[in-house]
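Letters A, B, ... mirror the listed sequences (proteins, then strands); counts begin at 1. The figures here come from the full heavy-atom set of this structure, side chains too, leaving out hydrogens, waters and symmetry mates.
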Amino acid sequence: MDLNALPKGGHAVIDRVEARGGVDPIMTRLLELGFVPGEAVEMVARGPLGADPVAVRVGTARFALRREEAARVHLRPLHLSPAHLRSAA
Amino acid sequence: MNVVEPRTATLYAALVGNPNCGKTALFNQLTGSRQKVANYAGVTVERKEGRFVTPQGRPVRLLDLPGAYSLTATSPDETVTRAICLGEHPREGRPELLICVVDATNLRLHLRFVLEVRQLGQPMILVMNMMDEAERRGIVIDVKGLSYELGVTVIPAVSVRKGGAHGVLDALDAPLPSAPPPLPEGTDLHAEVRRILAVYVTDRSRESVVLADRLDHWFLHPVIGPLILLTVLFTMFQTVFSWAQPLMDALQALADGLGAAVRATLPDGLLRSLLVDGIIAGAGTVIVYLPQILILFLWILALEESGYLPRAAFLLDRIMAAAGLSGRSFIPLLSSFACAIPGIMATRTIQHPRDRLVTILVAPLMTCSARLPVYTLLISAFIPKRHVLGVFGLQGLVLFGLYAFAIVSGLIVARLMTRGVAAAEHPLLLELPAYRLPVPRNLALGLWQRATIFLSRVGTIIVTLNVLLWALSSFPPPPAGAAGAAIDWSLAGRIGHWMLPVFAPIGFNWQICVSLIPGMAAREVAVSALATVYALGETGDAAVDKLTPLLSAQWSLGTALSLLVWYVFAPQCLSTLAVIRRETGTWKWVAVTAGYLFALAYGAALITYQGTRFLGGG
């Protein structure tokens, strides 16, 4: 699932950030801003019209991303998240 | 023999860091008011240079580089920062020392950029800013360990507190540090940041994150959020008008008093006319708007510093997207309500070149405060003081309507301009920084810079043009015993008559045509120009209050409405066009802007005038 699917207040862990097309400056910038695999994200708010853009917290920073940008960020399936693994262990 | 020679040569240093790291506050702290700002600033998008002397007597030239997330530049700001850091900038030398600034409460994001800068292999120091906030939140940073790890001196600082930057000054007195050893090529900087944080930083903060969450819960709420935004904007414009009024009245009285005093002292003649009708009346009618401009800028600065403005961009992104733009365009366009010049300059934070260009092109459509004198004069002269639905004043409604008309037109124009162009994706990717209380010192400094720029503009361009207009309206003098007003014989009168055939279809008389000429310098000049034209032609008294009954007696409603609509669109400001030239780098976009605005203004005024006549108001 991608970042857009996360409900308000929901937490998840980033699995991968996907490039659109060959060279994708938006993906590069997402990585630079800290959207890297293994990082925890939280959905802070969803935009008033069509949940676009979304406000996301990654680490201590918050960013507003349009749906198209957020769609590049794929989340780990819930049953594979570290917290879940720990609690299962 | 000069005794007080500086002990060392001037040190050339540059501040680098992420946006929102408190870099500008540190810059203000270090340089005070000894800053060279090329123009309106307030946000870190402008070239700012300051000079100061360290406690040990070392002179420092400090450059405040635009905020950047990475040296892989994606915006004009970042391109400048990158070029200077790499020593590739055509006009700026490579700084001898890079002063990297980070927000101690946001190290995960900011430290990555520090590592990137460190890879440049240049002498640098690291300023750990907002240490008080970090301590308050329970973030413990092992500064010594971090210094050792990075091979860079780390200096804790609180740039918003007086004396909070003394560590930085001490470091500047020390000999230049050697460049830190770079990490091996291809190191995963994120992994490195995580490792460093794990070793040297203990973060027990939860409370403040909860506070930001709570604020964002309301400010970004899908229903409450937009309501709060509307309230903020409404309050902002209310205060711009109501708070400014007493100050404006006082300034007007001052200008009138000065005019009267000069009139009483000097004998009747050319010199008295020049001083009273040209200079004092001209500058006076414009300086009167300084309080409004300053209050509006105070709001924008405070909203910017508090961290609310990016939230507004978040809420409005979708609407801006409908116009083919992004929420980032909101801040420049909002600034354009004060003046298009700072607005156009603020477009540098827009990474996408097309978004930036379109924002620049529509910025002059936003109702800048210079239009207000024209609007208020015409509204008070032609719109009756009636109430609609019992509560709303008709005059206020018309003013609101003019603002709304401009906004809607701007959005439509932007939509048309972005249509057809390959619909490439343009990013928002906007940081929502931590909420902070604005620091009075920084607000004051920002306001001071704006006030000086406005006043120097009044002092130079506007007064010069008023004098020029006064000369145009006074020479040649009418022949002895001639009938009619003196201005009818002058050059201005002739130019006005020549322009008349072009502007007659939209209802303008020759006096309006004359006032349009100096109005090109700055829109607000049109009011004083009208005063000059009518004052010299009619009564010899330049008071603007006398203009109101005069106009309502002499102009038709159609003419007044047509002129109002003309001012919504007309490219009536040479300074704006000059800034567009500077920001886009070509005359082409200046021509495009002036051309489309003129066509819109003429078309809309034509429809308004002919429509009003058709309905019997002509």
*Grab the two heavy atoms, one from A:A61 and one from B:L109, that are nearest each other, plus how far apart they are.*
CB-CD2, 4.0 Å
*Considering only heavy atoms from C-beta outward, does the side chain of A:P48 approach that of B:L315 to under 4.5 Å?*
yes
_To the closest 0.5 Å, what do you measure between CZ (A:F63) and OH (B:Y69)?_
5.5 Å
*Are any non-hydrogen side-chain atoms of A:E39 and B:R108 less than 4.5 angstrom apart?*
yes
_Using the rule side chain to side chain contact (heavy atoms under 4.5 Å, CB included), only one of B:N106, B:T105, B:D103 pairs with A:T60; which is it?_
B:N106
*Looking only at non-hydrogen atoms, find the nearest pair between A:R66 and B:D317 and report the distance.*
NE-OD2, 2.7 Å
*Looking just at side-chain N and O atoms, do A:K8 and B:H221 make a donor-acceptor pair shorter than 3.5 Å?*
no
*May I ask you to decide if A:E32's main-chain N or O and B:R112's side chain share a donor-acceptor pair within less than 3.5 Å?*
yes
_In the structure I gave you, are the side-chain heavy atoms of B:L428 and A:L65 within less than 4.5 Å of one another anywhere?_
no
*Is there side-chain contact between A:L49 and B:I319, with heavy atoms separated by less than 4.5 Å?*
yes
*Identify the two heavy atoms, one from B:F314 and one from A:A45, that lie closest to each other, and give their separation to 0.1 Å.*
CZ-O, 4.1 Å
*So which part of B:H110 gets closer than 4.5 Å to some heavy atom of chain A, the side chain, the backbone, both or neither?*
neither
*Would you say the side chain of B:D213 lies within less than 4.5 Å of the side chain of A:R62, judging by non-hydrogen atoms?*
yes
*Side-chain contact, heavy-atom cut-off 4.5 Å: A:F35 with B:L429?*
no
*Which one, A:G9, A:A55, A:P25, leads in non-hydrogen pairs under 4.5 Å with chain B?*
A:A55
_With a 3.5 Å distance limit and no angle check, can you tell me whether B:H190 reaches the backbone of A:L31 through a side-chain donor-acceptor pair?_
yes
*Tell me, for B:L220 versus chain A, whether the close heavy atoms (under 4.5 Å) come from the side chain, the backbone, both or neither.*
both
*Looking only at heavy atoms, what is the nearest atom pair of A:R29 and B:T74, with distance?*
NH1-OG1, 3.3 Å
*Which region of A:V54, side chain (C-beta onward) or backbone (N, CA, C, O), has a non-hydrogen atom less than 4.5 Å from a non-hydrogen atom of chain B, or is it both or neither?*
backbone
